[in-house]
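Computation of the quantities below employed the complete heavy-atom set of this structure, encompassing side-chain atoms and omitting hydrogens, waters and symmetry-equivalent molecules. All values derive from a computational prediction rather than experimental measurement. Remember, it's 1-based here, ligands and their atoms both numbered in the order they're listed.
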Amino acid sequence: MKKLMLVGAAALVAGMAQAAYPERPVTIVVPFAAGGPTDKVARDLADVLRKGLSNQTVLIENVGGAGGTLGAGKVAKANPDGYTLLLHHIGMSTAPALYRNLPYKVLNDFEFLGMINDVPMTLIGRPTLPPNNFAELRKWIDANKGKINLANAGLGAASHLCGLLFQQAMGVDMTTVPYKGTAPAMTDLLGSQVDIMCDQTTNTSTQIEAGKVKAYAVTSATPLTTPALAKLPTLDSQGLKGFYVTIWHGLYAPKGTPKAALDTLNAALRQALKDPEFIRRQEALGAVVVTDNRVNPADHKKFVESEINKWGPAIKAAGQYAD
Ligand code: ASP
């Protein structure tokens, strides 16, 4: 009897080990507040990713704070079973230069699942900000040195990086106001509690199109074709030569996630990136869905490594650190 029970238990364990992945909902951790640009990418992706995950629900968990490092740290330490993922942006490559005690190692503690999109940024101002174009903004910044508030999503966020480069390019120090994401930052900008912000088009295009914020420039090399943003000049064409910032988003799992789950997730991601509705929604917000080799896990990892090497020196030159 005892022997029979043991055989039964072993068979059960073997059956569980072979259970098809996924057999329950998968959670994507977004390391910023709900309603912001990273969150929007995640929610749009979740809608289509499930098709390649046996139609399992894909849930979003927002863990904002500390420029995205709290959420990323949570996933680095999560059970590597394929049920907890991270969707993060360029912050994966800026945090190592900014945080002396980063609680994870970007290149060692994650499985790279593939990149999702590239998104330019926009320089915008509160609706009550006097300048109506970039030339006027330059004069206003000169006249208001020491009094300007710049909203961002914390050290290491895309808005932080763009704002940092902008201050360096203008030779002006601004008072940065950190939020858990640029959704709450946008709320304060709309209420004129902060002056300016540089943020992904996926968060700003709707407000720009509705005329609810002052829009000054895009950080792409050439003007965008998205109707809402087509009239916006580049920073490069307005005197800030070479000022290009493109934010990218990628998908990650904790290190040690089983290969079968990683393969399923990568296949689901590839399928999602070809979904016409996903592509249309992203393009309408100024984002470009990745079609190149960065959707391969190995190339995704190489790209993030090259971005760490690209941004690290510029950030260290600014002398900004968090513990
Ligand atoms: N756009 C934000 C950033 O500056 C993050 C977010 O709220 O999605 O990184």
Side-chain angles (χ1 to χ4, degrees), residues 28-46 60-75 85-99 102 106 115-125 149-167 174 176-190 194-208 213 215 218-220 229 245-252 281-282 285-287 304 307 311 314-315 318 320 322:
I28 298 181
V29 171
V30 170
F32 295 103
T38 314
D39 181 70
K40 279 182 202 153
V41 173
R43 285 175 201 271
D44 277 357
L45 183 73
I60 305 296
E61 183 185 348
N62 298 90
V63 183
T69 60
L70 292 185
K74 179 169 180 171
V75 176
L85 310 177
L86 171 71
L87 191 153
H88 201 354
H89 62 23
I90 198 166
M92 283 298 256
S93 63
T94 54
L98 284 162
Y99 289 79
L102 195 63
V106 173
M115 301 228 342
I116 303 162
N117 63 9
D118 292 301
V119 192
M121 304 197 82
T122 43
L123 185 65
I124 58 172
N149 291 323
L150 172 76
N152 71 26
L155 281 185
S159 46
H160 168 252
L161 175 68
C162 187
L164 192 65
L165 297 174
F166 184 60
Q167 290 174 80
M174 300 179 187
T176 48
V177 185
Y179 293 82
K180 284 192 174 175
T182 43
M186 180 64 93
T187 304
D188 274 7
L189 191 90
L190 289 168
V194 283
D195 297 318
I196 56 176
M197 174 162 80
C198 186
D199 199 24
Q200 285 106 305
T201 58
T202 35
N203 195 31
T204 61
S205 55
T206 318
Q207 310 293 358
I208 292 173
V213 294
V218 283
T219 64
S220 47
L229 304 164
V245 187
T246 301
I247 298 315
W248 39 267
H249 296 87
L251 199 61
Y252 308 83
R281 281 206 228 173
Q282 292 296 300
L285 296 171
V304 172
E307 288 281 284
W311 296 114
I315 290 167
Q320 297 203 351

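For Thr122, the side chain to side chain donor-acceptor pair (under 3.5 Å) partners at least two apart in sequence or on another chain are Thr204. Residues passing the side-chain contact (heavy atoms from CB on, under 4.5 Å) test with Asp188 are Tyr179, Gln193, Val194, sequence neighbours excluded.
Residues Tyr252 and Leu87 have side chains not in contact (no heavy-atom distance under 4.5 Å, counting atoms from C-beta outward).
Ile247 CD1 to Thr219 OG1: the interatomic distance, rounded to the nearest 0.5 Å, is 7.0 Å.
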Pairs under 3.5 Å, N/O atoms on ligand 1 and on the protein: can you put them in a table with the distances?
from	atom 1	to	atom 2	distance (Å)
ligand 1	1 (N)	Thr182	OG1	2.8
ligand 1	1 (N)	Asp199	OD1	2.7
ligand 1	1 (N)	Gln200	OE1	2.6
ligand 1	4 (O)	Ser159	N	2.8
ligand 1	4 (O)	Ser159	OG	2.4
ligand 1	7 (O)	Thr182	N	2.8
ligand 1	7 (O)	Thr182	OG1	3.2
ligand 1	8 (O)	Thr38	N	3.0
ligand 1	8 (O)	Thr38	OG1	2.6
ligand 1	9 (O)	His89	NE2	2.6
ligand 1	9 (O)	Ala158	N	2.8

Please list, one pair per line, the donor and acceptor atoms closer than 3.5 Å that link side chains of residues 61-73 to other protein atoms, with sequence neighbours excluded.
from	atom 1	to	atom 2	distance (Å)
Glu61	OE2	Lys74	NZ	2.7
Asn62	OD1	Arg43	NH2	3.0
Asn62	ND2	Phe32	O	3.0
Asn62	ND2	Asp39	OD1	2.9
Thr69	OG1	Ala66	O	2.7

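Each of Asp199, Thr38, Thr187 was compared with Thr182 under the side chain to side chain donor-acceptor pair (under 3.5 Å) criterion, and only Asp199 meets it.
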